[in-house]
Protein chains: 2
Amino acid sequence: MEQSVTLLKKHGLKATPQRIAIYDYLLHTEAHPTVDTIYASLHPTHPTMSLATVYKTVESLREAGLIQQLNVGEECFRYDARTSSHPHVQCLHCRRVFDLDPASFADLSDRARAQSSFLITQAQLYFYGLCPECQQVQDASD
Amino acid sequence: MEQSVTLLKKHGLKATPQRIAIYDYLLHTEAHPTVDTIYASLHPTHPTMSLATVYKTVESLREAGLIQQLNVGEECFRYDARTSSHPHVQCLHCRRVFDLDPASFADLSDRARAQSSFLITQAQLYFYGLCPECQQVQDASD
DNA sequence: ATAAATGCAAAACCTTTGCACGCCT
DNA sequence: AGGCGTGCAAAGGTTTTGCATTTAT
């Protein structure tokens, strides 16, 4: 919260209640929420905040480099306050998205470069499957 | 063309001219086109075909497993007749999408599984950067 | 003959935008 | 005080849907 205010200001963004709430929410969740989810989660405590503000705010935060936009392959984007690029894994059953350790996949860009002659600047790695909890549910329901 | 008809029927889809055209187009391009691109490309030869049909058709083809849907991180999906999952690399300058050889990245699912305890079923690997051609353009313009 | 697919138009949906007001610095 | 940010409502664009007609099997 203190942290959010400081970081916002440091990046030239006014620390309005809405921005603080949204950024703070993203800093403290691992759920990789969508715009809709952010809006719904904050609505109880910020009933006057509009969806348009959430859209505008995540865009400002993204421009400032405070959050990153994820594209898990759904129709919409998800947001993550961990801005360094790192691999994600999504459960196809419960739809949750988890982080993976980038160190384990650090060598990939070199492989891609070697194969394509591209100058690789970024990578997005998404894995899909069943999370441990949903594996149990699936087993139980068979 | 023969091939397209056979494959469509084998998957329980009626071989209509529109479907044949769309599937055939996807089979013979490496451009990973969007719905819009497909529509625009086929419009000259199929002037009566509607956008709605393209949307419905790619969805049918995807359900049948004849094509796969890609999400390169843009607002829209791209389509690819290579249905086995394989890594892609996109040029951030010309926006083209190229395939990479899956064999070079085959070991990744194991790493993800080891780290997350997920039952990994799919992966999508996207790399971004500058293609060889655009590297030259960039250099020249500097 | 039958069920499925097409094409049109309308609807639904999500996201963006313009503008007046209010708030942060 | 000044400018940026907000909220509303309207616009914009894309994707989906319903339905009558056509078409493949």
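No experiment lies behind these values; they were computed from the predicted model shown. Chain letters run A, B, ... following the sequence lines, proteins first and then strands; every chain starts at 1.
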Find the distance [X]:[atom1] to [N]:[atom2] and express it as a whole number of Å.
X       : N      : atom1 : atom2 : answer
A/Gln18 : D/dC4  : CD    : P     : 17 Å
A/Leu51 : C/dT17 : CG    : P     : 15 Å
A/Leu42 : D/dG7  : CG    : P     : 11 Å
B/Arg19 : C/dG7  : CZ    : C1'   : 14 Å
B/Leu8  : C/dA4  : CG    : P     : 16 Å
A/Met49 : C/dC23 : CE    : C1'   : 16 Å
B/Leu13 : C/dT6  : CG    : P     : 9 Å
B/Arg62 : D/dT16 : CZ    : P     : 10 Å

(message) Could you tell me if A/Gln68 and A/Ser85 have a donor-acceptor pair between their side chains, going purely by distance under 3.5 Å?
(response)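 No, A/Gln68 and A/Ser85 have no side-chain donor paired with an acceptor closer than 3.5 Å.
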(message) What I want to check is whether the side chains of B/Gln69 and B/Tyr79 have a donor and an acceptor closer together than 3.5 Å.
(response)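 B/Tyr79 and B/Gln69 do have a side-chain donor-acceptor pair below 3.5 Å.
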[X] vs [N]: side-chain N/O to OP1/OP2 distance below 4.0 Å:
X       : N      : value
A/Lys9  : C/dT25 : yes
B/Thr48 : C/dG7  : yes
A/Thr16 : D/dT6  : yes
A/Ser50 : D/dT6  : no

(message) Both A/Asp36 and A/Ala52 contact DNA chain C. Which one's nearest nucleotide lies toward the 5' end?
(response) A/Asp36
(message) Taking the basic N atoms (NZ, or NE/NH1/NH2) and the acidic carboxylate oxygens, is any pair closer than 4.0 Å for B/Arg111 and A/Asp107?
(response)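 Yes, charged N to carboxylate O under 4.0 Å.
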(request) Choose from D/dG7, D/dA24, D/dT6 the nucleotide whose nearest atom is closest to any side-chain atom of B/Lys14. (result)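 For the B/Lys14 side chain, the nearest candidate turns out to be D/dA24.
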(request) Output the single nucleotide from C/dT6, D/dT23, D/dG5 whose closest atom is nearest the side chain of B/Lys56. (result)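 Of the candidates, C/dT6 comes closest.
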(request) Pick base, sugar-phosphate or nothing for A/Ser60, based on heavy-atom distances below 4.0 Å to the nucleic acid. (result)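 Touches nothing.
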(message) Quick check on the 6.0 Å ring-centre criterion: do A/Phe118 and B/Tyr128 meet it?
(response)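 Ring centroids of A/Phe118 and B/Tyr128 are no less than 6.0 Å from each other.
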(request) State whether the side chain of A/Gln18 and the backbone N or O of A/Val54 hold a donor-acceptor pair below 3.5 Å, judged by distance alone. (result) no
